[in-house]
Amino acid sequence: GPSQMVPLGTGFLVGADLLLTNNHVLPTVDAARGGVVEFNYQCGMDGSLLPAESFALEPEAFYLTSASTELDFTLIAVRATSTMGARLVEFGRRPLVALTDEVLDGESVTIIQHPNGEPKQIALRENFVLKLPETAERYLYYQTDTTPGSSGSPVFNDDWELVALHHSGYAQRN
């Protein structure tokens, strides 16, 4: 776009061709136009970078968002085939499912993220839920290491059920 800024964040598939991330990552159709999402952007067992697959975002096909001051999500269509010919269906998805008591206060959560635009990192263990959302509140508070670029990460419970969409972090001072 005109500002030459590149949105940087994490996202994940929740449908056959639908990606979920934050509104503050992709706030408008114009911001998403011409954008791509990379899959397999991670290191292999030997520490070397695996070949990533880039898929074009298709905001004209589907785009739904909620402002960052509200629920802070963007759901956007992704092209079915990558620039190198890979199929999107090969990368799996995590459907959105309404659950009750899917996470408890004090329970561990796992975050799969791309902090600072780096290859995939998984924050395992020692990531504890600190505060469950109250009826009028939208936020689940948990303790973990995240940095910019982690916005839009899936947050899972120990059963790998999706319990939150990572929004942002702040340092707790005590």
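In what follows, residues are counted from 1 in the order of the sequence shown.
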Between [atom1] of [X] and [atom2] of [Y], what distance do you get to the nearest 0.5 Å?
| X | Y | atom1 | atom2 | value |
| --- | --- | --- | --- | --- |
| T74 | L18 | OG1 | CG | 12.0 Å |
| L75 | L26 | CG | CG | 11.0 Å |
| T21 | F73 | OG1 | CZ | 11.5 Å |
| F156 | R94 | CZ | CZ | 5.0 Å |
| S153 | K120 | OG | NZ | 11.0 Å |
| L20 | R93 | CG | CZ | 14.5 Å |

Side chains of [X] and [Y], donor plus acceptor under 3.5 Å:
| X | Y | answer |
| --- | --- | --- |
| N23 | S66 | no |
| D46 | S48 | yes |
| E38 | N40 | no |

Review point. Which atoms form the tightest heavy-atom contact between G92 and L13, and what is the distance?
Key: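 In terms of heavy atoms, the two residues are closest at O-CD1, 3.3 Å.
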Point to revise | Side-chain heavy atoms of P119 within contact of L49, under 4.5 Å | key: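 Side chain of P119 against side chain of L49, heavy atoms only: contact under 4.5 Å found.
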**Study point:** Close side-chain approach of L165 and F12, heavy atoms under 4.5 Å
**Key:**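 L165 vs F12: side chains touch.
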Would you give me the side-chain donor-acceptor pairs under 3.5 Å for residues 76-89, sequence neighbours excluded?
from: R79; atom 1: NE; to: E58; atom 2: OE2; distance (Å): 3.1
from: S82; atom 1: OG; to: E53; atom 2: OE1; distance (Å): 2.7
from: S82; atom 1: OG; to: M84; atom 2: N; distance (Å): 3.1
from: S82; atom 1: OG; to: G85; atom 2: N; distance (Å): 3.1
from: S82; atom 1: OG; to: A86; atom 2: N; distance (Å): 2.9

Exercise for review: State whether the side chain of D72 and the backbone N or O of H24 hold a donor-acceptor pair below 3.5 Å, judged by distance alone.
Suggested key: yes
Exercise for review: Among residues two or more places apart or on two chains, list those pairs meeting ring-ring contact (aromatic ring centres under 6.0 Å, His included) that have a residue in residues 38-61.
Suggested key: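 Found F39-F55, F39-F91, Y41-H114, F55-F91.
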Point to revise | Side-chain ion pair, E60 and R33, N-O less than 4.0 Å | key: yes
